[in-house]
Amino acid sequence: MKLALKILPKPEVLDTQGRAVQTTLSTHGFDLKECHVGKYIVLEVNTQDPAEGMEMAKAMAEKGLVNPLIEYYEVESL
Amino acid sequence: MKLALKILPKPEVLDTQGRAVQTTLSTHGFDLKECHVGKYIVLEVNTQDPAEGMEMAKAMAEKGLVNPLIEYYEVESL
Amino acid sequence: MSLEEKLKLYRINPSEYETIKDILGREPQGVEWAVFSALWSEHCSYKSSKVHLKKLFSQSERVLQSFGENAGIVDLGEEEKVAFKMESHNHPSFIEPYQGAATGVGGILRDIFTMGARPMALANYLCFGEPQANRMKELVDGVVRGIGGYGNCVGVPCLTGQTNFHKSYNENILVNAMAVGLFTKGDPICLSQAQGVGNYVVYVGAKTGRDGVHGASMASESFDEDSESKRPTVQIGDPFYEKLLIESCLEVMKKDLVVAIQDMGAAGLTSSSFEMADKGNVGLTLNLDQVPLRDETMTPEEILLSESQERMLLICEPSRFEELKKVFEYWGLDAACVGEVIEDPIVRLIWKGETLTEMSPKAVVDNAPQYNRPFNPWQRKDDSTFTNSSAESENIEDLKNILSRVEAGTKEWVYRQYDQRVGASTARDCSSPVGVSALPSGRGLGIVLGCRPHVMRQDAWIGGMDSIAYPAIELASKGFEVLATTDCLNFGNPEKQEVMSEFVASLDGMNKACEAFVTPIISGNVSFYNETLDKGVSPTPSTGLVGLRPHLKNLPQSSFVKEGESVLLITLGKGLSSGFWSEIQDKDSKINFQEDLSELATRTKTLTQATLDLPLSSSRIVSSFGLAYTLSKMTFENGLGVEIQFQGSPFVEPFYQVVISTNDPEKWKTAFKSEELLVEEIGKVKGSHFKWNNVSFEVAELKEIYEGSWQKSLPGI
Amino acid sequence: MSKVGVLRFPGTNCDRDIWKSIELKGKTPQWIWYEDSFNEDDYEAFLVPGGFSYGDYLRSGALAALSPSMESLRKADEKGKPIFGICNGFQILCEAGLLPGALMRNEKGRFIDQWVDLELSNESQWSPYEVGKVYRMPMAHADGRFFINEEGLNDLKANKQVWLTYKNNPNGSVSDIAGVMNKRGNVVGMMPHPDRALFDWMGSVDGLQFFDWKGEN
Ligand SMILES: Nc1ncnc2c1ncn2[C@@H]1O[C@H](COP(=O)(O)OP(=O)(O)O)[C@@H](O)[C@H]1O
Ligand SMILES: [Mg+2]
């Protein structure tokens with residue numbers, strides 16, 4: 001099955017990319033209240049069991065795909 | 001309302017980041033059939049209307065958040 | 001909160017607490033705790049080192065600015081000046097290697113351009129633990145990416161560095177970054193003294209977030225088990241913002257729109273505002289509620305202590321404020337007026353119209369504690385019977401084992417990730433022992449880092465001396481006159497007598513060498529408490545030396561360039577160390593350095609002149625791992641072999657010798673009386689083999705080992 | 001004498017190097033700030049320098065490509081004016097659609113600073129013109145892997161739009177491509193840095209030949 005990690009900078013941490021993207025978009029008339037740039041990682045794992053798949057995705061996130069000091073994440077099943 | 005763009009490298013593009021992540025994970029015993037690394041961009045727009053929000057997100061993607069030569073995307077409403 | 005808990009949170013000890021009460025005439029209240037905590041931290045107050053730093057040799061005819069400002073400045077003549085400084089970011093890099101190292105680079109760059117100099121070069125001094133130690137690959141990778149990520153993006157080339165490995169750094173790596181900035185004709189030197197009653201206090205750059213709150217006091221403590229829970233929000237560096245800040249700040253300075261300027265580094269707004277007021281003998285008001293915030297829920301205390309990156313505080317005349325604001329706007333940055341210069345020498349902290357406190361910056365800064373921590377007089381370890389002929393015989397076959405080690409192998413993996421040429425003025429990049437930048441006047445500026453931790457481990461005084469003498473001789477071997485030095489003194493816990501003893505001894509060794517070589521220390525940084533769970537790092541006083549060459553013609557290479565040329569060994573001094581290879585093999589440490597430093601310096605000067613006047617193709621100081629290792633490294637780049645006849649140990653380390661190759665050995669041999677320089681011909685550049693007496697290796701094979709050592713030790717990164 | 005426009009964006013950091021290169025050739029550079037539209041006839045040619053416009057955020061060159069100055073540059077292209085992008089400048093021109101293809105993260109995922117040998121594959125309006133000749137200069141980038149899909153690559157080759165190729169591919173670029181041109185050959189871009197190979201003390205002077213163009217006054 002396929003899952004995805006949505007990884008974003010923690011709210012209290014400065015999001016340098018988000019800041020630059022937001023500024024540029026605003027000069028093109030797109031007014032955003034907020035903008036954050038993170039990562040989207042698609043993982044195809046060797047199981048069909050949703051619960052197991054979820055566990056695997058979390059384990060991978062914690063193994064190093066996510067840096068908990070500056071990022072948080074969510075798992076999505078696809 | 002908040003929306004997100006999920007942006008991934010097109011299949012014909014060599015996804016070097018995905019490959020690197022896959023290799024690293026495999027040394028940690030995670031066997032993946034596939035792995036792709038893309039971007040996740042959260043946009044908080046000034047509207048409550050889902051259809052309008054969707055249009056705005058697409059407009060921003062097409063304005064430059066996505067490079068159609070190498071990437072494809074999907075909009076998610078949050 | 002009980003008093004005890006408060007003292008612990010703010011890292012103020014009971015006797016310091018008593019002093020605070022004396023100063024205020026009462027108990028500290030509210031944000032006053034935060035102010036004292038920040039300004040009296042080891043990091044900001046240098047309380048354990050100040051008594052010793054005062055003794056440093058810090059002046060020469062060329063020095064325009066020494067300690068006390070953001071960076072030291074040296075006059076190069078011909079209307080060129082350079083500012084430079086080195087700083088540590090050890091603890092943050094151990095916690096989050098990428099951001100820790102990146103913000104270290106950002107911070108040192110701000111120290112340079114705050115003075116009005118355009119950053120022109122970076123260098124980095126790194127100490128890692130054993131490659132197989134826990135997290136070490138991740139740390140190496142993160143630190144190098146972080147340094148590159150920041151430096152490359154702001155567009156300042158990295159010209160040199162040093163990368164060490166030793167088990168004492170397993171739990172406490174060292175990340176020291178040096179920056180050099182250039183003033184050309186008409187560039188003003190800007191200082192940090194606040195002046196002019198009624199002038200505005202202006203905040204520019206990034207908004208303030210909770211980044212690194214309590215960071216400065218944390219850097220003043222050892223790591224322990226609950227460091228984890230004390231972690232402040234990680235400071236994120238934005239090199240893109242820094243670049244905008246560089247351009248805008250240099251522009252307002254050049255347009256004479258600023259009266260004084262100071263970057264917000266450790267302890268952020270607190271230390272910048274108090275120091276600016278203190279230096280200018282004036283007072284300031286600060287409306288903390290007008291500080292641009294990333295998170296509107298921040299408290300005054302958090303605002304005062306935030307270490308958000310890429311921010312500056314400056315003083316500007318009210319009539320020039322609009323013009324100043326326009327410059328920042330052009331670069332996409334905000335400038336906010338957050339206060340005013342006042343006559344009363346106090347800093348008045350205001351929150352939504354209410355005065356939180358008024359404190360005299362003099363009282364806080366000048367009354368900061370100073371400790372003369374206990375230390376022992378140094379017992380030198382010299383063994384006068386230890387000479388090259390008495391040294392234990394070493395097996396030349398070990399050359400392959402040495403070259404295959406990460407300590408001795410190539411560091412190309414590191415510096416390939418750094419832009420070494422942005423700015424289009426690089427004449428020698430990181431692959432050369434001395435980094436060289438071409439000055440607009442056509443002269444060369446040489447940069448080299450010093451401190452060999454294995455020598456420090458042998459003897460702290462000799463190691464300190466070597467931190468100056470070794471790089472000074474490297475500069476000389478390329479024809480550079482040494483100008484001045486910056487340092488970054490990385491030590492363990494100063495409250496331990498043996499650590500303090502090493503600190504004092506190495507500083508004395510450095511100081512004596514600085515005097516002899518006339519290379520004043522004009523800026524620097526002390527980083528104590530580099531210890532984890534009671535284990536300290538090797539004492540590591542890293543240094544950065546800067547030298548000047550009258551032109552770039554015939555700048556010698558560092559590898560053999562021509563078949564048939566002669567290889568000469570030039571002896572500047574007779575001291576000797578059993579060396580790094582001996583340490584790695586767990587053999588007894590032996591060391592002997594009984595030189596007259598002024599004679600060593602005189603001979604070094606003679607060498608400098610000779611490299612400019614006599615025919616010379618390549619030069620290299622005989623380095624760690626000794627003569628055979630040094631010579632082998634000279635064969636790799638061009639695949640040119642060498643045949644050496646030398647009766648002596650191949651891997652012991654002299655204090656000091658230099659190897660050169662030349663097409664005219666007679667000129668060199670006859671140019672000096674032996675008391676000036678001892679010059680011996682030891683071989684010829686020849687063929688494709690490295691031949692040491694009767695033993696021969698293929699250059700290609702040695703090169704492969706040297707270049708493969710990194711991947712072998714740190715596979716997969 | 002007419003001027004050479006040098007485009008600057010927030011984060012451009014080789015702007016002063018390009019300035020020096022142009023002056024060295026006896027021409028007159030002039031800054032063009034990203035927020036400013038300009039009249040293309042005021043300039044004889046345009047250079048887009050390297051660096052990290054917008055910190056390389058989102059994708060290298062993507063945010064800069066949205067600048068007002070780039071709209072004017074498009075008009076300059078329509079008139080056939082010579083336009084040259086180096087490193088980040090090349091990325092910006094690709095993102096703006098003035099050049100074909102895209103520049104992606106290097107194959108090994110790291111920034112690489114090293115010397116490279118480049119072969120001139122086809123002649124453009126920008127010098128040098130001697131096809132087959134090899135030039136030595138430094139490169140320094142993280143996102144320099146040239147990518148174009150198969151169809152696009154076939155077109156590039158058929159139209160002789162491959163400008164420069166690496167002798168030893170350092171970053172995984174398709175067909176060793178280091179630089180390309182548009183169909184007309186007036187717009188060119190390359191990843192390596194001719195602006196860092198101008199004097200003997202730099203290690204090569206080959207870069208000097210890259211700052212001239214056909215039909216120059
Ligand atoms: N962290 C670093 N950053 C930049 N350059 C480095 C770094 N570490 C090592 N180098 C460079 O690598 C080269 C080899 O270093 P080293 O093995 O210490 O030998 P050397 O005796 O030539 O200095 C040197 O030229 C040095 O400047
Ligand atoms: Mg060195």
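Numbered from 1 within each chain, the chains take letters A, B, ... in sequence-line order.
- No other option in D:H141, D:H193, D:M202 has as many heavy-atom pairs under 4.5 Å with chain C as D:M202.
- Classified by interplanar angle (parallel below 30°, tilted 30° to 60°, perpendicular above 60°), the ring pair D:W33/C:Y330 is parallel.
- In C:N554, the CG atom is not crowded: 12 or fewer heavy atoms of neighbouring residues, nucleotides or ligands sit closer than 6.0 Å.
- If you measure heavy-atom distances from D:T12 to chain C, the contacts under 4.5 Å come from the backbone alone.
- When C:V154, C:V422, C:N152 are each tested for a side chain to side chain contact (heavy atoms under 4.5 Å, CB included) with D:N13, only one passes: C:V422.
- Two residues are said to be in side-chain contact when any heavy atoms from C-beta on lie closer than 4.5 Å; D:D113 and C:Y418 fail this criterion.
- Checked for salt-bridge contact, D:D17 and C:R421 miss the test: no charged N lies under 4.0 Å from a carboxylate O.
- Aromatic pair D:F52/C:F240: ring centres not closer than 6.0 Å.
- Proximity to chain C is absent for every atom of D:F199, based on heavy atoms less than 4.5 angstrom apart.
- A salt bridge links D:R196 to C:D419: one of the charged nitrogens lies within less than 4.0 Å of a carboxylate oxygen.
- Looking at C:L333, neither its backbone nor its side chain comes within 4.5 Å of chain D, counting heavy atoms on both sides.
- When the shell of 6.0 Å around NZ of C:K207 is examined, it contains 12 or fewer heavy atoms from other residues, nucleotides or ligands.
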